[in-house]
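The chains referred to below are lettered A, B, ... by the order of the sequence lines, with proteins before strands, and numbering in each begins at 1.
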Amino acid sequence: MERVDIQAFTLDKLTVHDMVAYVTSDQAFLISLLHGTTLCITRPCLEDLLHHRVHNETAFILVQRGLASYEGSRAPIPQCGRINPTFFLIDLTKACNLQCRYCFREPEATAPHMTAEQIDRICDELIAYCQRHGLSCLSIQAWGGEPLIELSLIERIRHCFDETNIALQLTIETNATLITPSVARRLKNSRVEIGVSIDGCAAVHDAQRPFVGGSPSFARVREGIENLRQAGYTDFGSITVVTRNTLDHLPEVIRCFAQELHLPSIKLNLMRKTDRNRQLALDLQEIPSYVDNLLGELRACYEQGISIVEQNIAQRLANLLFRPCGNICNAHGCHGGYRMLSIGVDDGVYPCELSDIPSYCLGKIGQGDFTEMVQKAIDAQMEYFQPRRLDDCGRCPWLFYCHGGCRSAMQYDCGDPCRIDATECAFNQALYPRLVEILMLDPAFAQYLQKGGC
Amino acid sequence: MRVFSPDDAGSLRLSPYTRINVQPDGLTILQTLFEQVAMLRCPPAFSTQLLDLLSRGATEEEVLALLIDFMHDETPARELIDTWLQIGVLE
Ligand code: SF4
Ligand code: SF4
C-alpha cells in the first residue's frame, strides 16, 4: 500500500483540503488532515483528483464528507470542544489487595478511603450539576485502589441516584479477586457494569499482578469471573496492561481470553512508563511487531469462529469509518476535563483519573460548578490544559484522532504533559495503516474487528 | 464499505456520519459532520425498511418508490431525497 500526499488546491469555488491517500491497485482511502473524515474512492477517481480534475459528483461527495468545501458550504463542526463532563470517576479508596508491578500509584502505608457521608455529598453535587445543565444521564466509574474494598459505597452511589430521574451508568474496573458469589449478586442488584483487570494467562498475569503478600492471583480472578457469570453477567469487558512479558506470550494470552475465559470484549493497553517500571515497558521499536502479532491472533480467532473484540482496535476503526466522539482519550485527542473529571479521596476534582496530582487540582467538591472549575483552570493556563506541541506531527494522517496522545502518560514519563506521547504515537503509526489496508482489502475482517461476531 | 466512483453517483446510501434514532412516531437522523437534523414522521416499521434499504445502497428510483408508497405523493418524496442529499444524510 502506497502513501500519497494530496496538497490542498482550489478550482473556481471548490477548495479541496489537504489529505493523505493510501493506495492499493484499484482503490484509494482518503483521510482529511483537517477534519479526520475519510472516503474510499476508485483508482481512476484518485488519478483525476491528483490531476486536479474533479467531476461534479466527486466534488459533491468530497464536500459531504468534509474533504472539500464549496463557496458558502458549511465547514464540519469541530468535535468535542465544549466543556461538558458527563463521565466522572470517584476514587473510593487508595487501598488495594494486589501489588501490580507497573502500578502508577505509590503503595501507601495508610491508604485513605471515602466515607458514606462524603459519597452523599459528592452525589448531591453531581445531581445538582445534572439538574443545572439539563443532563438526563451520567456515567460514574467507581475506582481506586480496588473499588470492591468499598462495595457498600458503590451501592450507596446507586441508591443516591435511584431517587432521581437521572439515568446513571455505574461502572467499575476491578481486579475481580474479591468477587464472591454474594458480591457478584450485590453488584448485579446495583446494576453495576464491570470491567475486569486481567493480564492474560496465568504465567503473564501472576508475574505482574500478585497479591500484596506476593502470592499469585490468576486463579482467584478466574473464580471471580465465574461468579459474575453465575450472577447473570454475560458481556463484561476486560482490561489488560501490555508489557514485555505479554509480548513473549501473546498467543497464549489471546487464547486464554478467547477460549478459556470466553471474554467477548478485551482492551489491551500498552504499559505507560513511570520511574518504577521502565524495564517492563515495550521499546518503541517493538510496537510494530506487537501490532502485527495482535492482528494475527485476532485473525486466527476470526477464522476459528470465535467472537472477540479488542477495544483499542475497534475504537480506531470507528475513527476511520465515522469519526465518533465517544472515546475520551483517542477519538479526538485527550479530553480530560472537557468530558471527564475525577474526584479524589481528598474531595479534589481533577481532569482525569491519571492526573490526580496536587498541581492539577481544579477545586474541591462544593466549591462551585464543575464546568466553571475547568474553565477557570484553562483561563489560568494550568499546565494540563496547555496546547500540545505537535510540530513534529507534520502531515500525520492520524493527527485528528491522536493529537499527541495521553497528557498524563507524558506527565509521569518526563514531567511534561505537552510533549508527544511516543508510545501512543508508535502504536498509532503501526496500527492505523494496517486498519486502512484491512478496510480496503478485507472489509469482512474489518467488521469482525469492530463488532465481533463471525 | 462504500468505494466511491463518479459512475455510481446514481445509487444512494446513508452517510456513515449519521446518528439514527427510531422513535414510535418517527425517524430522526443527525448528520454529525455538519450537525444537521433530518426528521420524518412515520411508524417504526417504515423507518426500519427505509434504513435497511439505505444501508445496503439503492438506486434513486428504488428509494423514491418506497417513499412514494408511504407518502402517496411524488413531490414531497423527491423533495425529501433532495434535502437529505443536500445536508449530507444521503450520499
Ligand atoms: S490524560 Fe490520558 S488518560 Fe487522562 S483523559 Fe487524557 S488521554 Fe485520557
Ligand atoms: S503523536 Fe504521532 S500518531 Fe499522534 S498525531 Fe503526532 S505523529 Fe501522528
[atom1]/[X] to [atom2]/[Y] distance, rounded to the nearest 0.5 angstrom?
X: B:S5; Y: A:Q27; atom1: OG; atom2: CD; answer: 11.5 Å
X: A:T42; Y: B:F4; atom1: OG1; atom2: CZ; answer: 8.0 Å
X: A:F60; Y: B:L85; atom1: CZ; atom2: CG; answer: 5.0 Å
X: B:L90; Y: A:Q64; atom1: CG; atom2: CD; answer: 8.0 Å

Structural part of [X] lying under 4.5 Å from a heavy atom of chain B:
X: A:L439; answer: both
X: A:T37; answer: both
X: A:A75; answer: backbone
X: A:I61; answer: side chain

Item checked: For the student: nearest non-hydrogen atoms of A:L321 and B:P16, plus distance -> O-CB, 3.6 Å
Next item on the list: Could you pull out the closest heavy-atom pair between A:R323 and B:Y17, with the gap in Å?
Entry: CB-CE2, 3.7 Å
Margin query: With side chain to side chain contact (heavy atoms under 4.5 Å, CB included) as the criterion, how do B:T18 and A:F322 come out once you've worked through the C-alpha distance, each side chain's angles and the decisive distance to 0.1 Å?
Written below: CA-CA 8 Å; B:T18 48; A:F322 40 81; over 6 Å; no
Next item on the list: Identify which part of B:I87 has an atom lying under 4.5 Å from any heavy atom of chain A, answering side chain, backbone, both or neither.
Entry: neither
Note to self: Does atom CG (A:D235) have a neighbourhood of more than 12 heavy atoms from anything else shown, all under 6.0 Å?
What the structure shows: no
Next item on the list: Name the option with the most non-hydrogen atom pairs under 4.5 Å to chain B; the candidates are A:E57, A:R43, A:R65.
Entry: A:R65
